[in-house]
Amino acid sequence: MASEFSSIEESLEKHLPPSELQNVVRILYGKPLSKLDISKEVQALSTEKDFEVQGYVINGDAEELRPAKIVRVGAIQNKIVLPTTSPLEDQRSAIHKRIGELVEAAGLCNVNILCLQEAWPMPFAFCTREKTPWCELAEDALTGPTTKLCQEWAKKYNMVVISPILERDEVHGDTLWNTAVVISNTGKVIGKSRKNHIPRVGDFNESTYYMEGNTGHKVFETAFGRIAINICYGRHHPQNWMMYGINGADIVFNPSATVGELSEPMWGIEARNAAIANSYFTVAINRVGTESFPNEFSSGDGKPAHKDFGHFYGSSYVAAPDARRTPGLSRTKDGLLVTELDLNLCRQVKDRWNFRMTQRLDLYAKSLYDAIEPDYEPPIVKE
């Protein structure tokens, strides 16, 4: 079964001779990356708590006039801990406790910026279309228990924490949003970024709960670099990725929750393409496991009703603007991916490939302006 297949990388290593494997990995992932040294303390912690840890280095070229701008990013993927029939407070508390174990490992790895998966403190219940009890798990972005916990982690480990939650906006009529809260390494909430594009495909019935975000394409200036958050389904929209680059992001995080049958062939392509096209780093994060719910729901595709989405396949990875990428984390296991980046690589790739210089925004701005008009006619030339 797909849910039992651990990873592409593991299968390649198992079945290919070393010399052949080297060429396959070069073609699939770009130039080889150095592995980041993971301390024995972290290795012991990951064994004790049963999660995977991988670490890599994506370097830039040495420059004469600029020192290297080194930052370590962390990506955490995880399963839910308790059944979805458990009391809500127990479910959330169990996830908080579990993620605390991986955050501790990230702190020991000297991670500077840590991103968690989409809607991380809860099951991804939006397939059910049921408002009760899942809307109760929505939290205030500033004062909710998840933000308070992340502020403690940020201060304790001197790291920026990106915490994607189901947000309850009490100021604007108790509306719900799919939101990433950005917390400084000082523990202060810098701001939030809401999901720009909402899926209406398969079991992804998210517009039952929240609509398209209204925060645009914010870029957050942190102590470790300029970051942005493109939540889940937004990765399917190239213009979404493009705007974060135009607004100056060095790293764009893509916290997600997506299942194998629907999107897995796209997964390794989209965030990597975005890194190349926009001359920045991307961090793609996906949850793990199969989440079953008490009541059946249907997909509107004529198939029988069911109680789960399918398998969330993890496989979190980091991609660089020069087309290099890390191997993915496991498809089946909780994990922490730590990657050391030289942000100078962003400008180096811009100078080498000129993608930004040759982007022709003026050309597309005019075309797009025309295309949104009700009386637009495509310029199709006929014989």
Side-chain angles (χ1 to χ4, degrees), residues 73 113 115-120 126 138-142 144 147 150 160-184 188-200 204 206-207 209-222 224-257 270-271 273-275 277-285 321 343 346 355-356 359-373:
V73 297
I113 306 171
C115 188
L116 307 175
Q117 67 195 23
E118 182 183 18
W120 73 271
F126 312 120
E139 305 181 31
D140 187 278
L142 294 177
T147 295
C150 290
V160 173
V161 177
I162 301 168
S163 174
I165 63 169
L166 180 62
E167 179 194 1
R168 170 77 68 183
D169 186 356
E170 296 180 2
V171 174
H172 298 97
D174 278 331
T175 50
L176 302 184
W177 303 93
N178 188 318
T179 301
V181 183
V182 181
I183 300 162
S184 167
K188 180 181 178 182
V189 174
I190 303 175
K192 58 190 177 185
S193 185
R194 290 170 172 159
K195 188 171 182 174
N196 282 331
H197 298 273
I198 306 301
R200 293 163 177 84
F204 287 82
E206 296 170 51
S207 59
Y209 301 86
Y210 45 79
M211 297 299 287
E212 284 74 13
N214 59 0
T215 54
H217 298 87
K218 290 183 178 180
V219 172
F220 299 89
E221 184 87 59
T222 76
F224 308 109
R226 293 177 176 177
I227 64 173
I229 306 95
N230 179 5
I231 301 175
C232 197
Y233 191 73
R235 73 181 178 279
H236 302 306
H237 294 270
Q239 298 90 342
N240 205 36
W241 290 108
M242 180 182 71
M243 286 306 305
Y244 294 115
I246 288 173
N247 290 344
D250 299 315
I251 311 166
V252 180
F253 294 85
N254 178 226
S256 300
E270 289 171 310
N273 279 357
N278 298 289
S279 303
Y280 54 42
F281 290 93
T282 58
V283 183
I285 306 158
L343 299 185
C346 298
F355 289 150
R356 300 296 293 277
Q359 198 170 23
R360 293 297 310 277
L361 292 178
D362 57 332
L363 173 66
Y364 296 103
K366 174 65 167 63
S367 298
L368 290 170
Y369 181 84
D370 292 342
I372 63 174
E373 293 301 316

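All figures in this text were calculated on a predicted structure; none of them were measured in a lab. FYI, side chains are in, hydrogens and waters are out, and symmetry mates aren't considered; it's all heavy atoms of this structure.
Annotation: the span from N278 atom CG to C346 atom SG amounts to 10.5 Å, rounded to 0.5 Å. Taking CG from L116 and CD1 from I162, the interatomic distance works out to 8.5 Å, rounded to the nearest 0.5 Å. Taking CD1 of I246 as the reference point, atom CD of Q359 lies at 5.0 Å (rounded to 0.5 Å). Atom CZ of F126 and atom CD of E118 lie 7.0 Å apart (nearest 0.5 Å). Taken to the nearest 0.5 Å, the NZ atom of K195 stands 11.0 Å off from the CG atom of L166. Note that the CZ atom of F253 and the CD1 atom of I113 stand 5.0 Å from one another [nearest 0.5 Å].
Between I190 and T222 the shortest side-chain heavy-atom distance falls below 4.5 Å. At a threshold of 4.5 Å between non-hydrogen side-chain atoms, the residues V182 and V160 count as touching. Between H197 and H236, every side-chain heavy-atom pair lies at or beyond the 4.5 Å cut-off. Side-chain contact between L343 and F224: absent, with no pair of heavy atoms (C-beta onward) separated by less than 4.5 Å. For the pair D140/E167, no side-chain contact is recorded, criterion being any heavy-atom separation below 4.5 Å from C-beta on. Residues C150 and I183 are in side-chain contact: their nearest non-hydrogen atoms beyond the backbone lie under 4.5 Å apart. Residues M211 and T175 have side chains not in contact (no heavy-atom distance under 4.5 Å, counting atoms from C-beta outward).
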Chi angles and distances behind the side chain to side chain contact (heavy atoms under 4.5 Å, CB included) call for C115, V283 | CA-CA 9 Å; C115 188; V283 183; 5.6 Å; no
Steps toward salt bridge (charged side-chain N to carboxylate O under 4.0 Å, His left out) verdict (D362, K366) | CA-CA 6 Å; D362 57 332; K366 174 65 167 63; over 6 Å; no
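Of all the heavy atoms in S193 and F220, the pair that sits closest is CB-CE1, 4.1 Å. Taking all atoms of both residues into account, the shortest heavy-atom contact from A271 to T282 is O-OG1, 2.8 Å. Pairing each heavy atom of E206 with each of N178, the nearest pair is OE1-ND2, 4.0 Å. In terms of heavy atoms, L176 sits closest to Y209 at CB-O, 3.5 Å. Taking both residues in full, the closest heavy atoms of Y244 and A228 are given as CD2-CB, 3.4 Å, listed atom of the first, atom of the second, then distance. Here the shortest heavy-atom pairing between F204 and A257 reads CE2-O, 3.2 Å.
Of the possible donor and acceptor atoms, one in the side chain of R200 sits under 3.5 Å from a partner among the backbone N and O of I198. Although no hydrogens or angles enter the test, the distance criterion places a donor-acceptor pair under 3.5 Å between the side chain of T147 and the main chain of A141. Looking at W241, its side chain does come within 3.5 Å of a backbone N or O of R235 through a donor-acceptor pair. Side-chain N or O atoms of N247 include one that pairs as donor or acceptor with a backbone N or O of H217 at under 3.5 Å.
For D169, the salt bridge (charged side-chain N to carboxylate O under 4.0 Å, His left out) test picks out R194, with sequence neighbours left out. Looking at residues two or more places apart in sequence or on another chain, you find no salt bridge (charged side-chain N to carboxylate O under 4.0 Å, His left out) involving D174.
By the neighbour-count criterion of 12 heavy atoms within 6.0 Å, atom CZ of R226 is sparsely surrounded, having that number or fewer from other residues, nucleotides or ligands.
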